[in-house]
Amino acid sequence: MRVALIGYGEVGRILAEDLRAADVAVTAVDHKLHAEAGEPMREHALLHGVVLVDSHVEAVRRAGLVISAVTASQAVPVAASCAPGLAADAFFLDFNSASPGAKIRAAGLVNDAGGRYVEGAVMTSIPPYRIRVPLLLGGPDAAALLPHLEALGFAPRLASARLGVASATKMCRSVMIKGLEAMVIESFTAARHYGVEDAVIASLRETFPGIDWEQQASYFFQRVIEHGRRRSEEVREVAETVREAGLTPWSADGTAERQAWVADLADAGVFGERGRPDFARNADWRLEADRILANVANAADPAPARNAG
C-alpha cells in the first residue's frame, strides 16, 4: 500500500522513517517545503527515500492510504484540498487533534469524493512510541482500515463505528493533559518568583506521591516551549469540543492562551535559538522558568505617573 503523508513535520517524519524502514512507498507534501523550514525536510526525505511533491492532489493521487498530520486548524482545509485527487476507495486517516464536529465535516468532504474517511485519535506523545503510538480509530470504515494499519506497523484500536467518538475521547483527555502542562508552567514559574518552589513541590509530592514533579515539570516545559504553537491550536479545538457539548470552555481557553504565550516567547528567542540541538532540552525546569521571569521583568510597564492633583 502506497502511503501519502500530508504534513512533514515531526509526526510526518517519524511515520516516514518507520514506514520506509518497512519498505513502504511514501509520498509527502508540506506547505513549508519552499520556506526556510523546507531544507531539513528535503534532506530528511532524500535520506529516507521519501518522494516530496508540491500539491495535495499530487501527493494522494496513487495512494491507498492518506495520513493527514497537520496543525489542528488545517484538518478540514486539508481534507478539502486532498479530496479531488483521492483514488476510489482510498483510506484517509485523519491524525489531527480536531473536534468531533471538524472531523465530521472533513469526513463529508472525503467521502463525497469517493474516499473512505477514518478518524484517528493519537492518545499520547508520538516520539516515545513512534509508529506504535496508541491510536483510536473511528468511523464506518475504521474496522476495514484496522488490519491494513496493523500490517504497516501501527498499533490501532477500534473506538466506534460512529464518527466523533474517537476524537471526543482524545479531546476530553486533552482538557486535562494540556491543561496540566499550562498549570504547571504557571504555578511553578510563579512559585520560582516567590522562592517557594521547593515547598510547592513537596506539597504536591505528598498529595500525588506517584508523580515525580521535578521530572514531569521539566518535560512539560520542554514540550510546550518546543511545540506550544501547535498545542495552542489543538487546545482551541479542545475548547470547541467542550463548546459543542454545551459548556463554556473556561479551562481550555485559558490553556490555549498560556500555550500560545509560551510559543510567542520561544519565537522571540527567550529560550535560545530554535533548531539548535539543546533547544527546549533543559533537564531542570528552573532554568526555563528563570528565563520567563527575566523576560517578564524586562517587559514590565513602568509604574504609572501619579496624579499630581
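What you see is a predicted model; the values in this text were computed from it and never measured. All values below were derived from every heavy atom in this structure, side-chain atoms included, with hydrogens, water molecules and symmetry-related copies excluded. Numbering starts at 1 and runs along the sequence shown.
The side-chain heavy atoms of His227 and Glu10, taken from C-beta on, include a pair separated by under 4.5 Å. With a 4.5 Å cut-off on side-chain heavy atoms, Phe188 and Trp213 count as touching. Within the 4.5 Å cutoff, side-chain heavy atoms of Leu180 are placed close to those of Met183. Taking 4.5 Å as the limit, every side-chain heavy atom of Met171 sits out of range of all side-chain heavy atoms of Lys178.
Between the side chain of Glu119 and the backbone N or O of Lys103 there is no donor-acceptor pair closer than 3.5 Å. Distance alone, capped at 3.5 Å, places no donor-acceptor pair between the Arg192 side chain and the Glu197 backbone. Under the 3.5 Å distance criterion, the side-chain polar atoms of Asn282 are left unmatched by any main-chain donor or acceptor of Asp284. A donor-acceptor pair is defined here as one N or O able to donate and one able to accept, closer than 3.5 Å; no such pair exists between the side chain of Ser203 and the backbone of Ala199.
Interatomic distance, Lys170 NZ to Glu237 CD, rounded to the nearest 0.5 Å: 12.0 Å. The CG atom of Leu247 sits 11.5 Å away from atom OG1 of Thr241, with the distance rounded to the nearest 0.5 Å. For the atom pair OG1 of Thr169 and CE of Met123, the computed distance is 6.0 Å after rounding to the nearest 0.5 Å. Here Ile201 contributes atom CD1 and Asp212 contributes atom CG; the two are 9.5 Å apart, rounded to the nearest 0.5 Å. Taking CD1 of Ile225 as the start and CZ of Phe220 as the end, the distance is 13.5 Å to the nearest 0.5 Å. Atom CZ of Arg274 is separated from atom CG of Asp267 by 5.0 Å, given to the nearest 0.5 angstrom.
Taking each heavy atom of Phe279 and Gly272 in turn, the nearest pair found is CE1-O, 3.8 Å. Of all heavy-atom pairs spanning Val238 and Ala252, the tightest one is CG1-CB, 4.1 Å. For Tyr8 against Ala28, the heavy-atom pair with the smallest separation is CD1-CB, 3.7 Å. Taking each heavy atom of Phe221 and Ala289 in turn, the nearest pair found is CE2-N, 4.0 Å. Nearest heavy atoms, Ala106 versus Asp94: CB-OD2, 4.1 Å. Considering all non-hydrogen atoms of both residues, Val76 and Ala102 come closest at CG2-O, 3.4 Å.
Hydrophobic clustering keeps Leu109 apart from Tyr117 (ILVMFWY residues linked when any side-chain heavy atoms are closer than 4.5 Å, directly or through intermediates). Hydrophobic clustering of Ile, Leu, Val, Met, Phe, Trp and Tyr side chains at less than 4.5 Å, counting indirect connections, keeps Val78 apart from Leu33. Both Tyr194 and Ile185 sit in one connected hydrophobic cluster of ILVMFWY residues. Membership requires side-chain heavy atoms under 4.5 Å apart, directly or through other members. Taking hydrophobic clusters as Ile, Leu, Val, Met, Phe, Trp and Tyr residues chained together by side-chain heavy-atom distances below 4.5 Å, Leu15 does not share a cluster with Leu136. With hydrophobic clusters built from ILVMFWY side chains whose heavy atoms lie under 4.5 angstrom apart, Phe208 shares a cluster with Trp285.
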Please set out all donor-acceptor pairs under 3.5 angstrom arising from side-chain atoms of residues 19-27, sequence neighbours excluded.
from, atom 1, to, atom 2, distance (Å)
Arg20, NE, His48, O, 2.9
Arg20, NE, Gly49, O, 3.2
Arg20, NH1, Val24, O, 2.9

Below 3.5 Å, can you tabulate the donor-acceptor pairs from side chains in residues 57-74 to any protein atom, sequence neighbours excluded?
from, atom 1, to, atom 2, distance (Å)
Ser68, OG, Asn96, ND2, 2.8
Thr71, OG1, Glu233, OE1, 3.3
Ser73, OG, Glu233, OE1, 2.9

Distance-only check: which donor-acceptor pairs under 3.5 Å involve side-chain atoms of residues 144-166, not counting sequence neighbours?
from, atom 1, to, atom 2, distance (Å)
Ser160, OG, Arg162, N, 2.9

Donor-acceptor pairs under 3.5 angstrom involving side-chain atoms of residues 291-300: please list them, not counting sequence neighbours.
from, atom 1, to, atom 2, distance (Å)
Arg291, NH1, Phe271, O, 2.9
Arg291, NH1, Glu288, OE1, 3.0
Asn298, ND2, Ala294, O, 3.2

Trace of the side-chain contact (heavy atoms from CB on, under 4.5 Å) decision for Ile14 with Ile131: CA-CA 7 Å; Ile14 288 173; Ile131 202 170; 6.0 Å; no
Trace of the salt bridge (charged side-chain N to carboxylate O under 4.0 Å, His left out) decision for Arg223 with Glu181: CA-CA 9 Å; Arg223 297 301 289 174; Glu181 291 174 348; over 6 Å; no
May I have the step-by-step check of side-chain contact (heavy atoms from CB on, under 4.5 Å) for Arg173 and Thr124, ending in yes or no? CA-CA 10 Å; Arg173 175 184 182 273; Thr124 189; 4.2 Å; yes
Show your reasoning for whether salt bridge (charged side-chain N to carboxylate O under 4.0 Å, His left out) applies to Lys32 and Asp30. CA-CA 5 Å; Lys32 294 181 180 179; Asp30 193 289; over 6 Å; no
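Side-chain contact, Glu244 with Ser99: a donor N or O sits under 3.5 Å from an acceptor N or O.
With sequence neighbours excluded, no residue forms a side chain to side chain donor-acceptor pair (under 3.5 Å) with Asn111. Judged as a side chain to side chain donor-acceptor pair (under 3.5 Å), and not counting sequence neighbours, the contacts of Arg243 are Glu240. With sequence neighbours excluded, no residue forms a side chain to side chain contact (heavy atoms under 4.5 Å, CB included) with His31. Remark: Phe95 engages no residue in a ring pair (Phe, Tyr, Trp, His ring centres under 6.0 Å) (not counting sequence neighbours). Shown here are the side chain to side chain donor-acceptor pair (under 3.5 Å) partners of Arg258, two or more places apart in sequence or in another chain: Glu186. With sequence neighbours left out, Glu226 forms a side chain to side chain donor-acceptor pair (under 3.5 Å) with Arg281.
Using a cut-off of 4.0 Å between Lys/Arg side-chain N and Asp/Glu carboxylate O, Arg236 and Asp253 are scored as not salt-bridged.
Enclosure of atom CE in Met1 by more than 12 non-hydrogen atoms of other residues, nucleotides or ligands within 6.0 angstrom is indicated. Glu43 CD: more than 12 foreign heavy atoms inside a 6.0 Å radius.
The ring pair (Phe, Tyr, Trp, His ring centres under 6.0 Å) analysis of residues 167-186, with sequence neighbours excluded, yields no pairs. Evaluation of the salt bridge (Lys or Arg N to Asp or Glu O under 4.0 Å) test over residues 123-149, restricted to residues two or more places apart or in two chains, returns Glu17-Arg130, Asp18-Arg130.
Of the candidates Val224, Asp264, Val262, Asp264 is the only one forming a side-chain contact (heavy atoms from CB on, under 4.5 Å) with Arg229.
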